[in-house]
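Working notes, structure below.
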2 protein chains.
Amino acid sequence: MARRSQTEVAVLGALSVAPMTGYAVREAIRDVLGHFWSESFGQIYPTLAGLEERGYVRRADRAAPFELTGEGVARLRELLAEPPQRVPPRNGVMLRLFFGRQLGPEACRALLLEAKADAERQLAEFAALRAAVAGEGGPDTPYSLITISAGVHTARAALAWAEESLAALPEATPSELEQPGAD
Amino acid sequence: MARRSQTEVAVLGALSVAPMTGYAVREAIRDVLGHFWSESFGQIYPTLAGLEERGYVRRADRAAPFELTGEGVARLRELLAEPPQRVPPRNGVMLRLFFGRQLGPEACRALLLEAKADAERQLAEFAALRAAVAGEGGPDTPYSLITISAGVHTARAALAWAEESLAALPEATPSELEQPGAD
DNA sequence: AATCACATGTAAGGTGTTACATGATTAA
DNA sequence: TTAATCATGTAACACCTTACATGTGATT
């Protein structure tokens, strides 16, 4: 039966900032929530239709932007108040490193270098994002900054981990280097 | 068409450590890989069946433990060498904090306290795990330690972030505190 | 004898991803 | 007028989760 979908939360949340088209909801989720949330775009219109049917969303006529109703705001608050669903972890990089003996030290090294580059890229993105958001200064700003800060902390941790692990890797490899594909 | 499943990697990887029953594979994934990987247990037996059919896995008779064939080892290495699939992020806590203005400062505070407690719990678990793994000293140990280290770094980052954000939260709340449910 | 853990599965049904289909509007 | 972007969807299908079904072996 699978976990309950949280697509509604993301869609209602996006519309709580401002009325917008489905297309704009999709872009907001990609560009604004993108660092910690993602949606299948194929789900957005069906979700909007369902929300409209239940009276949480209505369409204003011109250019048909979707708009939250009063019930929609209440519904959003209700959903936000539910305990967050923990998504089961599924980290492909860790899965590979864990079986690093099978994968080989060189490939592990490459994975760690890529993780490091990823973390650095993210840090730069978050710095730019933080500057942009802090400049706005709206009522949602403090909350945006909290999520950006989480990204910064996580990326810094990933960077430190990757560097530390790269330094630790060679110690384990001298014996294996001789027999890369050997059984 | 959805991303390619990596269930095979986890199952083949588990069997690469030692032949074992499907039941044991399931426990290994839960208890050993659990910090960074998870599987639907309903997938494990069908996956094993598929692997057996393609000759990557065979059954030894007694107590029917599943065992990797030579092709199975090769297949595992092949899969490990593929670029890791990034799972789209879906962080329910961040989603709630981002819309914290709708959720209210008190609930945000509760989320952060819970995140902090989670991080502390994880740090304790990782410390115990690290001690246990380091004691073994097998050929897979250095790779296990790398993944555990990632967990430690991440948990420490989460802890620091939660504490920092808890301290930052009150500054944003004095005006909202007067009108908790008001529209 | 009953209970619990081990062991191997199956079934139902929601969820999510990707790719495609279709039209309106704007820009070069 | 061709192309690109905006805009609203639909369809196919793989994936995943949960719950159930069934039997064995050991322990109390």
Side-chain angles (χ1 to χ4, degrees), chain A residues 1-11 14-15 18-31 33-34 36-53 57-67 79 82 84-92 95, chain B residues 1-11 14-15 18-31 33-34 36-53 57-67 79 83-92 95:
Chain A
M1 301 185 173
R3 278 183 313 282
R4 267 206 41 181
S5 167
Q6 295 187 231
T7 302
E8 286 192 7
V9 184
V11 172
L15 290 177
M20 61 184 88
T21 65
Y23 192 85
V25 167
R26 159 188 162 156
E27 289 191 315
I29 289 175
R30 169 164 44 97
D31 301 336
L33 307 185
F36 55 84
W37 197 263
S38 68
E39 279 305 333
S40 296
F41 297 148
Q43 304 263 90
I44 289 181
Y45 285 106
T47 299
L48 276 169
L51 289 170
E52 189 182 7
E53 196 181 352
V57 156
R58 87 167 78 84
R59 293 187 202 223
D61 45 291
R62 179 71 197 107
F66 296 91
E67 187 178 46
L79 289 173
E82 288 181 1
Q85 306 237 10
R86 315 271 167 191
V87 186
R90 219 155 253 194
N91 189 325
L95 186 62
Chain B
M1 296 182 176
R3 279 184 311 283
R4 270 209 40 183
S5 169
Q6 296 188 230
T7 302
E8 285 191 8
V9 185
V11 171
L15 291 177
M20 61 184 87
T21 64
Y23 192 85
V25 168
R26 157 187 163 156
E27 287 190 317
I29 289 174
R30 171 166 39 101
D31 301 336
L33 305 185
F36 55 84
W37 197 262
S38 70
E39 278 306 331
S40 294
F41 297 149
Q43 303 265 90
I44 289 181
Y45 285 107
T47 299
L48 277 169
L51 290 170
E52 190 183 5
E53 196 181 351
V57 156
R58 87 169 77 84
R59 293 187 202 223
D61 46 290
R62 179 73 197 106
F66 295 91
E67 188 178 43
L79 289 174
Q85 307 237 8
R86 316 274 166 186
V87 187
R90 221 157 249 192
N91 189 323
L95 187 62

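Numbered from 1 within each chain, the chains take letters A, B, ... in sequence-line order. Owing to the predicted nature of the structure, the values given are computational and were not obtained by experimental measurement.
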Any chance you could measure [X], atom [atom1], to [Y], atom [atom2], to the nearest 0.5 Å?
X: A:Thr21; Y: A:Arg59; atom1: OG1; atom2: CZ; answer: 11.0 Å
X: B:Arg26; Y: B:Asp31; atom1: CZ; atom2: CG; answer: 10.5 Å
X: A:Leu95; Y: B:Ile29; atom1: CG; atom2: CD1; answer: 9.0 Å
X: A:Glu8; Y: A:Leu48; atom1: CD; atom2: CG; answer: 10.0 Å
X: B:Arg30; Y: B:Glu39; atom1: CZ; atom2: CD; answer: 13.5 Å

* **Residues forming a side-chain hydrogen bond (donor to acceptor under 3.5 Å, both in side chains) with B:Thr47, sequence neighbours excluded** =>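 Once residues adjacent in sequence are excluded, B:Thr47 has no partner under the side-chain hydrogen bond (donor to acceptor under 3.5 Å, both in side chains) criterion.
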
Can you identify which nucleotide, out of [options], has its nearest atom closest to the [X] side chain?
X: B:Tyr45; options: C:dG16, C:dG9, D:dT8; value: C:dG9
X: B:Phe66; options: D:dC6, C:dT15, C:dG9; value: C:dG9
X: B:Thr21; options: C:dG16, D:dC16, C:dA7; value: C:dA7

For nucleotides 3-5 of chain C, list the nitrogen or oxygen atoms of the protein found under 3.5 Å from its nitrogen or oxygen atoms, one pair per line.
none

* Asked: For A:Ser5 and C:dT15, is the shortest distance between a side-chain N/O and OP1 or OP2 below 4.0 Å?
  ->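 Checking A:Ser5 against C:dT15: no side-chain N or O falls below 4.0 Å of OP1 or OP2.
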
To the nearest angstrom, how far is [X] atom [atom1] from [N] atom [atom2]?
X: B:Gln6; N: C:dG16; atom1: CD; atom2: P; value: 18 Å
X: B:Phe41; N: C:dC6; atom1: CZ; atom2: C1'; value: 14 Å
X: A:Arg59; N: D:dA7; atom1: CZ; atom2: C1'; value: 11 Å
X: A:Leu48; N: D:dA7; atom1: CG; atom2: P; value: 13 Å
X: B:Met20; N: C:dT8; atom1: CE; atom2: C1'; value: 16 Å
X: B:Glu53; N: C:dG9; atom1: CD; atom2: P; value: 13 Å
X: B:Gln43; N: C:dT8; atom1: CD; atom2: P; value: 17 Å
X: B:Glu27; N: C:dC6; atom1: CD; atom2: C1'; value: 8 Å

* **4.5 Å side-chain heavy-atom contact, B:Leu15 and B:Glu67** =>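 Contact flag for B:Leu15/B:Glu67 side chains = no.
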
* Asked: Taking the nucleotide of DNA chain C with the closest heavy atom to each, which residue, B:Ala24 or B:Arg90, is nearer the 5' end?
  ->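 Per heavy-atom nearest nucleotide, the more 5' residue is B:Ala24.
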
* To do: Starting from the 5' end of DNA chain C, give me the residue, A:Gly42 or B:Gly42, whose nearest nucleotide shows up first.
  =>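 Closest to the 5' end, via its nearest nucleotide, is B:Gly42.
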
